[in-house]
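Worksheet for the structure shown next.
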Amino acid sequence: MKKRILIISQHFWPENFRISDIAQGFAENDIEVDVLCGIPNYPNGNIPEGYGFFKNLKQNYNGVNVHRCWEITRKGNSSIRIFLNYISYPFFASFKVLSFLGKKYDAVFCYETSPVYMIFPAIVYSKLKRVPLTTYVLDLWPENLYSVLPIQNRFLQNVCRVTSHWHYKKSDKLIAMSPSLKDKLIAVTGKDSKDIAVIPQYCEKFYEQEIADNELAEKYKDYFKIVYAGNISPAQNLEVAVDSAVLLKADGIKDVKFIIVGDGMSKNDIEKYAAEKDVTEYFDFLGSKPVTDMPKYHTLADCLFAPLAKSDLIGLTIPAKVTSYMAGRKPVITCIDGEGSLVIEKANAGLTGESGNSTQLFENIKTLYNMSPDVRKQLGDNAFNYHLQHHERNKVLGQLIDFIFN
């Protein structure tokens, strides 16, 4: 008899989140999958054509049954709008999940990006039906919240801390991306070590492709190409790239180009900051692209860039883009404290630096810029080999299935 799983995740296809592939992977392994998600509008708040509050609320995605509930969109990406988006999904999903009470699942699985409160509807179903809940902790709260919404009020900070930890405690099992994050989750929940697994994020198989794009290659043929692909928000701290460009310009290095593929609440601010610093010639902002196009930007790159805002606790997680980059066979250059840089050092897959350290980034760019193509290729090969050993899709899917259902 088939296993059945209910997945709770605010974000799902057609939004670019890895949970879409995980759900498909479960279905490929003969598991019946239902997903409760919100209306697609990430990252800029725009609802794609064909979707809405009364459109496509039920779909099938590659064998996965998708059920959508309402949420307030991120439109405008103001702090107030982000806050309303954060609380609206768990509110509406907690009512929607009651319609699933007539179904019997073997497991409930929450893919917890921000906000942590998206776990709540999973807790509701789990407790009412006495079905074990596993939460995959991708964004550690409340620490990730503070990187997007800088809350200074001590009372509000305490509320966020207590409610965040309550959600983790109510999950029967947790999945951490690193040993240090596991230690943190044990400390805040008091759970037994066996109830928290360390399973890294994988990336979809298409990231392993090398796709040459002649038009892109011609456009950037005269540049040392640094590609950033992903969301643009305060948590990423792309200002560090602008500050390093100032140093590159002062040093007379003119043929470096940051190619920014993505969108988000900070995009306009970063563009303005580059203009203020008089380094706009070092940047191309290409906007959002289909996730399946990412391999051609990775193939184009001389190196791939992964920054993150400074925070000791955010540094406990490995950003999804780092694992995607490592599948791309190119050197990775980081401005990340903690695990995101540590994995690059372990793999000998690039050059690492501290969060927000633009001088260190400048020096690392110069080192890669002056490095021979053969040495850069070896760093990229190291990244890919580490990916195959530790982050390959089918290996990680097997680990997830074993932990969730056993």
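Everything numeric here is computed off the predicted structure, so don't read it as measured data.
When all heavy atoms are compared, the tightest approach of His391 to Pro200 is CD2-CB, 3.6 Å. Shortest non-hydrogen contact noted between Val97 and Tyr125 is CG2-CB, 3.8 Å. Taking all atoms of both residues into account, the shortest heavy-atom contact from Ala274 to Val242 is CA-CG1, 3.8 Å. Closest heavy-atom contact between Val116 and Ser164: CG1-OG, 3.6 Å. Closest heavy-atom contact between Tyr369 and Arg376: O-NH1, 3.8 Å. Of all heavy-atom pairs between Ser244 and Leu361, the closest is OG-CD2, 3.4 Å.
Using a 3.5 Å distance cut-off with no hydrogens or angles, the side chains of Glu71 and Ser88 do not pair a donor with an acceptor. For the 3.5 Å distance criterion, the side chains of Ser114 and Asp139 qualify, holding a donor opposite an acceptor. Counting only N and O atoms by type, the side chains of Asn65 and Asn60 include a donor and acceptor under 3.5 Å apart. Donor-acceptor pairing under 3.5 Å is recorded for the side chains of Gln10 and Asn85. Looking at Lys310 and Asn237, their side chains never bring a donor and an acceptor atom within 3.5 Å of each other. Under 3.5 Å, the side chains of Tyr202 and Asp21 contain a donor-acceptor pair of N or O atoms. Under the 3.5 Å distance criterion, with hydrogens and angles disregarded, a donor-acceptor pair is assigned to the side chains of Ser180 and Glu339. A donor atom on one side chain and an acceptor atom on the other are not found under 3.5 Å apart for Thr334 and Thr352. Counted by atom type alone, Asn382 and Gln378 present one or more donor-acceptor pairs between their side chains at under 3.5 Å. Judged by distance alone, the side chains of Asn348 and Tyr386 never bring a donor and an acceptor atom under 3.5 Å apart.
Using a 4.0 Å cut-off between charged nitrogen and carboxylate oxygen, Arg329 and Asp381 do not count as a salt-bridge pair. Look at Glu392 and Lys205 and you find a salt bridge, because one of the NZ, NE, NH1 or NH2 atoms lies within 4.0 Å of a carboxylate O, short of that distance. With respect to the salt-bridge test (charged N to carboxylate O, under 4.0 angstrom), the residues Glu271 and Lys267 qualify. Salt bridge Lys221/Glu218: present, at least one basic N to carboxylate O contact under 4.0 Å. Salt bridge status for Asp30 with Lys3: absent, with no side-chain N to carboxylate O gap under 4.0 Å. With respect to the salt-bridge test (charged N to carboxylate O, under 4.0 angstrom), the residues Lys55 and Glu49 do not qualify. Ion pairing of Asp278 with Lys249 is present here, as a side-chain N (NZ or NE/NH1/NH2) and a carboxylate O approach within less than 4.0 Å.
By the ring-ring contact (aromatic ring centres under 6.0 Å, His included) test, Tyr61 is found to be paired with Phe12, Trp13, residues two or more places apart in sequence or in another chain being considered. Every residue meeting the salt bridge (Lys or Arg N to Asp or Glu O under 4.0 Å) condition with Asp302, not counting sequence neighbours, appears here in chain and number order: Lys225. Looking at residues two or more places apart in sequence or on another chain, you find a ring-ring contact (aromatic ring centres under 6.0 Å, His included) between Phe95 and Phe91. Residues that satisfy the side-chain contact (heavy atoms from CB on, under 4.5 Å) test with Thr135, not counting sequence neighbours, are Cys110, Glu112, Ile119, Leu133, Val137, Ser171, Leu174. Checked against side chain to side chain donor-acceptor pair (under 3.5 Å), Ser9 has no partners two or more places apart in sequence or in another chain. Residues satisfying the ring-ring contact (aromatic ring centres under 6.0 Å, His included) test with His11, not counting sequence neighbours, are Phe17, Tyr42.
Contact of the Ile31 side chain with the Ile401 side chain is registered, since non-hydrogen atoms from C-beta on lie closer than 4.5 Å. By the 4.5 Å heavy-atom criterion applied to side chains, Ile232 and Asp263 are not counted as neighbours. Contact annotation: the side chain of Pro307 approaches that of Leu238 to within less than 4.5 Å [non-hydrogen atoms, C-beta and beyond]. Between Tyr51 and Arg68 there is a side-chain heavy-atom pair separated by less than 4.5 Å. Using a 4.5 Å heavy-atom cutoff, the side chains of Ser341 and Glu354 are not in contact. A 4.5 Å side-chain heavy-atom check between Asn357 and Val240 finds every atom pair outside the cut-off. In this structure, Thr367 and Ile365 have side chains that are not in contact, with every pair of non-hydrogen atoms separated by 4.5 Å or more. By the 4.5 Å heavy-atom criterion applied to side chains, Ile318 and Gln201 are not counted as neighbours.
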Query raised in the report: When you look at Glu28 and Asn62, which way does the side chain to side chain contact (heavy atoms under 4.5 Å, CB included) test go after all the steps?
Result: CA-CA 9 Å; Glu28 290 169 3; Asn62 295 335; over 6 Å; no
Query - Steps toward salt bridge (Lys or Arg N to Asp or Glu O under 4.0 Å) verdict (Glu204, Arg18) - result: CA-CA 8 Å; Glu204 295 87 342; Arg18 198 138 289 152; 3.1 Å; yes
Requested in this report: Could you walk me through whether Tyr273 and Phe283 pass the side chain to side chain contact (heavy atoms under 4.5 Å, CB included) test, one step at a time?
Outcome: CA-CA 11 Å; Tyr273 189 54; Phe283 292 86; over 6 Å; no
Report task. Take Asn41 and Lys75, measure what side chain to side chain donor-acceptor pair (under 3.5 Å) needs, and give me the verdict at the end. Result -> CA-CA 8 Å; Asn41 69 99; Lys75 188 72 173 179; over 6 Å; no
Query - Intermediate values then yes/no, side chain to side chain contact (heavy atoms under 4.5 Å, CB included), Arg4 and Lys103 - result: CA-CA 10 Å; Arg4 302 185 71 196; Lys103 299 181 179 182; 4.1 Å; yes
Requested in this report: Kindly indicate, with the supporting measurements, whether the criterion side chain to side chain contact (heavy atoms under 4.5 Å, CB included) is fulfilled by Phe384 and Met326.
Outcome: CA-CA 5 Å; Phe384 185 68; Met326 294 181 81; over 6 Å; no
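Atom NZ of Lys104 is surrounded by more than 12 heavy atoms from other residues, nucleotides or ligands within 6.0 Å.
Among Tyr168, Tyr117, Trp166, the one residue that satisfies the ring-ring contact (aromatic ring centres under 6.0 Å, His included) test with Trp141 is Tyr117. Results of the side-chain contact (heavy atoms from CB on, under 4.5 Å) test with Cys37 over Val66, Ile19, Ile7, Ile8 single out Val66 as the only residue that passes.
The backbone N or O of Gly380 sits nowhere less than 3.5 Å from a side-chain atom of Lys330 that would complete a donor-acceptor pair. In this structure, the side chain of Tyr228 engages the main chain of Asn231 through a donor-acceptor pair within 3.5 Å. Here the side chain of Asn44 pairs no donor or acceptor atom with the backbone of Gly264 at under 3.5 angstrom. Using a distance-only test at 3.5 Å, with no hydrogens or angles considered, a donor-acceptor pair links the side chain of Ser324 to the main chain of Ala320. Put simply, the side chain of Lys191 gets close to the backbone of Lys169: a donor and an acceptor are under 3.5 Å apart.
Not less than 6.0 angstrom separates the ring centroid of Tyr207 from the ring centroid of His387.
Trp70 and Phe53 have perpendicular rings, their planes meeting at more than 60° on a 0 to 90° scale where under 30° would count as parallel. Between Phe258 and Phe305, the two ring planes are perpendicular [angle over 60°; tilted spans 30° to 60°].
Both the sub-6.0 Å distance and the 45° axial angle are not jointly satisfied by Lys289 relative to the ring of Tyr297.
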